[in-house]
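Every number for a ligand or one of its atoms is a count from 1 in the order of the listing.
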Amino acid sequence: MQKKLIQVPKDFMIGAAVSAWQTEGWSGKKDSQDSYLDVWYKNNHNVWHDGYGPAVATDFRNRYKEDIGYMKEIGLTHFRTSINWSRFLVDYETAVVDEDYAAYIDDMINELIANGIEPMICLEHYEVPAVLFENYGGWGSKHVVELFVKYAEKVFERYGDKVRNWFTFNEPVVVQTRVYLDAIRYPFEQNTKKWMQWNYNKALATAKVVSLFRKMGLSQSAKIGVILNPEVTYARSSAPHDQEAARIYDLFFNRVFLDPSIKGEYPQELFDLMEKHDITFEHTKEELGIINRNKVDYVGLNLYFPHRVQARTSAWNERIPFHPAYYYEKFDLPGKKMNPYRGWEIYPQIMYDMALRMKEEYGNIEWFIAENGMGVEKEQRFKNEDGMIEDDYRIEFISDHLKWLLKAVEEGVNCRGYMLWAFSDNVSPMNAFKNRYGLVEINLEDNRNRRLKKSAYWYQRLISERQFETNMEEYK
Ligand code: BGP
């Protein structure tokens, strides 16, 4: 196969990500510090693959020094994780800090910096405290928005002088979509209005935290943004009905966060649709003003797969509460390339298409790929004689996506880097350790010991040589 050499621009960041709850484990956690996810794991243990979950995860809480050693060996310039809100405080109302946990975060950040790795910290990667979910309905409550701001203030006071890259949320649309829109998780309630309220309250929380960040004077040396997961949406055809399906999907799932965060306002068409279907979120003029005045400095985008839709082919069942699927249904493209383990289509051009959109529709704001990666099941079968996992599929996946991304960068798109999901194998919601994502293997049969995979050495060369080879299309 013919190869092409691709250059990586000098300052283009190449890093990797994980989150707190997916790696830390419960070591040192107090009983009152469950997150929503911890409770879901405890209550619905059977739906988690092989029973694994956040309880031990990768035991990062105890093994972070060892892991940072591997990060250094690979040469990562940036590492993203989150601070676990439910563990950072012992009292969420008055924001009393858990000193043990805070000392661990302090040390982890220091260790990263001492090893030349820039920490990128997210304030919420689904770790909303369970008690706030039970008492107030979680992100459906404006009181919880205020508590999040209090939490953020404590975090900024402690680490604001060390960390230069901050984010309010990771994928803020996800939890409520699974919980209230699709009702596939505890507490199994289908309520589209609640879904919208969570969406709005998280956008409002982002704006309030951005405002706090600026008031605290942190903008002089640091940036604050949000990590979003726009699903690059393609209509089946150019016909108006399919185009409308894609546009409306995009409004409800992508623009619902992209627009308030970057443009400071919601699309009028989204307001119209919300009104038509009686799902408008409770809001005030003053709050919309806060959103308007506090746009983010930059955004991280998590891009994994394309989303394909077409107009509905059957009538909507009017007894079902409104769901955006009223306007679309999934389109299954014949012959698409799949990652069969995760069930996601592989279509690297999403990088380029989204990049151009950021340039054309979002004022060429600074952004970066905050997550992209490939989860593969039973990776042990790829171990070589020496016991190293030879994950050539991951190397191919990364190169194909990077190639499209860097093409856009060459064309003037303001994308500043690529962060792989994930630094190490880790726990996914429900899938737990089923699909492995890491550059670093976590061996569950051997005390969770770590070992670099082939992709880690490839990543190491990518970072030091700032170039990589990709396969050219082959026409046979
Ligand atoms: C993203 C999340 C990550 C991670 C990743 C992989 O949506 O931000 O936390 O889990 O997806 O997906 P999954 O874990 O569902 O396989």
Side-chain angles (χ1 to χ4, degrees), residues 15-25 35-38 40-41 44 47-50 52-54 57-58 60 79-86 120-128 167-179 181-182 184-185 202 225-232 253-254 257-258 299-307 338-346 350-351 354 367-379 391 393-394 397-398 401 418-440 442 455:
V18 294
S19 74
W21 82 269
Q22 290 172 283
T23 57
E24 264 172 1
S35 68
Y36 163 77
L37 283 143
D38 296 332
W40 175 34
Y41 173 66
N44 290 271
V47 305
W48 290 68
H49 187 75
D50 275 349
Y52 284 101
T58 73
F60 184 80
F79 170 69
R80 171 172 65 106
T81 188
S82 53
I83 290 178
N84 191 328
W85 178 10
S86 58
M120 304 179 99
I121 302 289
C122 191
L123 293 169
E124 204 249 37
H125 194 123
Y126 318 151
E127 297 110 343
V128 59
F167 307 94
T168 52
F169 293 94
N170 175 77
E171 301 194 353
V173 76
V174 164
V175 173
Q176 60 273 27
T177 300
R178 307 280 178 273
V179 173
L181 193 61
D182 296 332
I184 54 171
R185 287 184 194 168
K202 288 185 181 181
V226 62
I227 291 167
L228 303 177
N229 56 315
E231 293 183 359
V232 185
F253 294 97
N254 300 334
F257 279 104
L258 284 166
V299 286
L301 300 184
N302 296 352
L303 300 187
Y304 285 89
F305 55 88
H307 190 261
M338 289 294 291
N339 169 356
Y341 317 104
R342 188 60 183 82
W344 285 343
E345 184 182 342
I346 299 178
I350 52 173
M351 304 300 245
M354 191 65 211
W367 64 281
F368 65 98
I369 289 294
E371 282 181 30
N372 169 247
M374 187 181 185
V376 171
E377 204 171 345
K378 300 197 177 72
E379 278 200 317
D391 51 347
Y393 41 85
R394 179 165 293 108
F397 183 96
I398 302 171
H401 284 80
Y418 175 92
M419 305 280 288
L420 180 74
W421 186 270
F423 157 67
S424 70
D425 295 339
N426 63 83
V427 170
S428 292
M430 274 171 63
N431 277 331
F433 281 108
K434 176 176 152 300
N435 302 319
R436 303 305 186 95
Y437 280 92
L439 293 169
V440 177
I442 303 287
S455 58

Would a distance-only check, ignoring hydrogens and angles, find a side-chain to backbone donor-acceptor pair under 3.5 Å from Asn84 to Ser86?
->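 Yes, Asn84 side chain to Ser86 backbone: donor-acceptor pair under 3.5 Å.
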
Those residues that, when tested against Asp425, pass side chain to side chain donor-acceptor pair (under 3.5 Å) (two or more places apart) =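 Side chain to side chain donor-acceptor pair (under 3.5 Å) list for Asp425, sorted by chain: Arg436, Lys453.
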
What residue among Tyr304, Tyr437, Trp421 forms side chain to side chain donor-acceptor pair (under 3.5 Å) with Glu371?
->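 Only match with Glu371 under side chain to side chain donor-acceptor pair (under 3.5 Å): Tyr304.
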
Where do Phe397 and Ile346 land on the side-chain contact (heavy atoms from CB on, under 4.5 Å) test, with the steps shown first?
-> CA-CA 8 Å; Phe397 183 96; Ile346 299 178; 4.0 Å; yes

How would you list, by chain and number, the residues with a heavy atom under 4.0 angstrom from ligand 1?
->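 Answer by chain and number: Gln22, His125, Tyr126, Asn170, Glu171, Asn302, Tyr304, Arg342, Trp344, Glu371, Trp421, Ser428, Pro429, Tyr437.
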
Plane angle bin for Trp21 and Trp48 - parallel if under 30°, tilted between 30 and 60°, otherwise perpendicular =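 Because their plane-to-plane angle is over 60°, the rings of Trp48 and Trp21 count as perpendicular.
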
Is it true that Glu171 and Lys202 have a side-chain N and a carboxylate O under 4.0 angstrom from each other?
->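 Result for this pair is no, no salt bridge flagged.
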
